[in-house]
Amino acid sequence: MARFELKLPKMGESVAEATITNWLKEVGDKIEADEAVLEIATDKVDSEVPSEVSGILVEQLFGKDDLVQVGQTIAIIETEGGELVPVVKEAATPEAVAEVTKTVDAAKESVATPTNFSDSEKFLSPLVKNISKEEGVSVAELDTISGTGKEGRVTKNDILEHVKNRTSQPVAVTAPVAEVQKTVSAPVAQKAAPVSVSGGDEIVEMDRMRKLIAGYMVASVQTSAHVQSFIEVDVTNIVKWREKNKVAFEKREGEKLTYTPIFMEAVAKAIKDYPGMNISVEGDFIIKKKNINLGMAASLPNGNLIVPVIKNADQLNLVGMAKAVNDLGGRAKAGKLKPDDTQGGTYTVTNVGTFGSVFGTPILNQPQVGILALGAIRKMPAVIETPEGDFIGIRQKMFLSHSYDHRVVDGALGGSFVKRVAEYLEAFDVNRDL
């Protein structure tokens with residue numbers, strides 16, 4: 001018999017950790033190679049961790065809701081034959097446990113656990129939370145800081161100044177101490193759930209994804225100065241071309257031809273014309289992005305939304321764009337997106353017209369500075385200009401709603417960009433080849 005270490009796999013360049021949400025296999029269960037052992041969640045995507053070998057699960061090194069770093073061993077699988085990585089663990093003696101408990105108690109007296117930032121009554125930006133976590137600043141300490149931001153919010157400079165001026169550093173709790181602390185600590189008090197006054201209301205706690213989305217939306221509004229520009233677009237040529245080619249396209253490519261890849265193609269072209277929309281903001285610095293990576297809002301099986309990313313969208317032809325859109329959209333609906341699928345976006349497009357909305361005012365996907373909402377396509381009476389004069393005719397029209405960060409994007413750029421997208425759409429060649 002040999003023992004195999006199941007490690008948390010690499011999930012993308014910018015993904016360093018994940019939370020265990022559910023164990024699919026229990027200790028003693030038989031596992032086949034490539035069979036899922038547990039479910040994990042990053043800040044955006046839920047996924048499964050499969051086993052690389054067949055065997056028996058003999059140990060779970062982490063529990064549900066534990067945060068695990070990429071590369072850490074999360075379980076031990078016992079296999080037959082072949083030498084695999086052995087795992088040696090020292091048993092904790094009563095004296096060792098007592099010593100560690102004393103250390104934990106001392107740590108508790110000097111600093112509160114800094115990771116549960118939801119307990120703070122202040123709004124804390126993701127940047128402030130990250131700095132606090134790295135510097136060991138507790139929630140209690142954060143609540144004592146007088147913020148200089150809007151409505152007394154703690155800014156990056158506030159937390160850095162606090163760290164600089166602290167007279168005593170918190171006691172670091174090592175991994176073994178933290179492990180024992182789980183056993184000896186009293187349970188953390190939870191905030192009381194609301195109570196239905198009438199008794200007839202159903203009270204349901206938000207799921208993990210909805211809590212994250214709520215946090216992102218509030219943080220985005222409080223970070224950026226949102227402003228919108230709207231423009232009406234005649235997409236009659238696009239509607240006619242799609243109707244003429246969608247059957248042949250599906251037969252040839254095995255892919256459905258929707259309007260989304262056509263719109264994405266126009267957005268990618270407009271970004272090349274106006275690279276000032278392909279930036280992000282970090283403090284007082286503007287980061288000009290080299291690649292054009294378009295995010296597209298998509299639905300998850302539980303009804304929540306996610307934004308998978310089409311990498312290097314400007315380098316794709318219409319067929320390639322259609323395949324990318326269908327692949328990401330399909331995997332989003334099936335809950336099969338990988339963490340790396342949602343990373344690296346530089347601009348986002350959301351199709352509010354899918355739900356019948358004429359236009360919308362979307363919230364920025366931080367740290368991006370622009371997001372475009374596609375309204376529903378409708379038949380509308382319109383003035384048609386011809387060499388013989390003006391006529392009234394029926395045209396297919398839609399609204400484009402452009403939200404942008406007024407800290408770095410002025411109306412001239414924001415308005416010119418969405419106008420350029422409209423120009424590309426209206427100039428679509430009805431005789432274009434597939």
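For the numbers below, each heavy atom of this structure counts, side chains included, while hydrogens, waters and symmetry mates do not.
Summarising the geometry, atom CG belonging to Leu38 is positioned 4.5 Å from atom CD1 belonging to Ile74; distances are rounded to the nearest 0.5 Å. Between Lys256 atom NZ and Glu250 atom CD the span is 4.0 Å, to the nearest 0.5 Å.
Between Val418 and Ser229, the shortest heavy-atom distance links the atoms CG1-CB, 4.3 Å. Minimum interatomic distance between Val409 and His406 (heavy atoms only, all atoms of both residues): O-ND1, 3.1 Å. Scanning all heavy atoms of the two residues, the minimum distance from Ser403 to Thr361 falls at OG-C, 3.9 Å. Nearest heavy-atom pair across Ile76 and Glu5 is CD1-CG, 4.0 Å.
Few gaps surround NZ on Lys244; more than 12 heavy atoms of other groups in view lie less than 6.0 Å from it. When the shell of 6.0 Å around NZ of Lys25 is examined, it contains more than 12 heavy atoms from other residues, nucleotides or ligands. Crowding of Glu282 atom CD: a count of heavy atoms from other residues, nucleotides or ligands under 6.0 Å not exceeding 12. More than 12 heavy-atom neighbours from other residues, nucleotides or ligands sit within 6.0 angstrom of NZ on Lys7.
Checked by atom type and distance alone, the side chain of Thr342 never pairs as donor or acceptor with a backbone atom of Val307 at under 3.5 Å.
Residues satisfying the ring-ring contact (aromatic ring centres under 6.0 Å, His included) test with Phe428, not counting sequence neighbours, are Trp241. In this structure Leu364 satisfies the side-chain contact (heavy atoms from CB on, under 4.5 Å) test together with Ser220, Ser224, His226, Gln366, Ile371, Asp405, sequence neighbours excluded. Listed by chain and residue number, Arg331, Ala334 satisfy the side-chain contact (heavy atoms from CB on, under 4.5 Å) test with Lys336 (two or more places apart in sequence, or in another chain).
If you look at Tyr347 and Phe417, their ring centroids are closer than 6.0 Å.
Considering Asn278, Asn293, Thr348, Thr346 as possible partners of Gln368, the one that fulfils the side-chain hydrogen bond (donor to acceptor under 3.5 Å, both in side chains) test is Thr348.
Look at Glu423 and Arg420 and you find a salt bridge, because one of the NZ, NE, NH1 or NH2 atoms lies within 4.0 Å of a carboxylate O, short of that distance.
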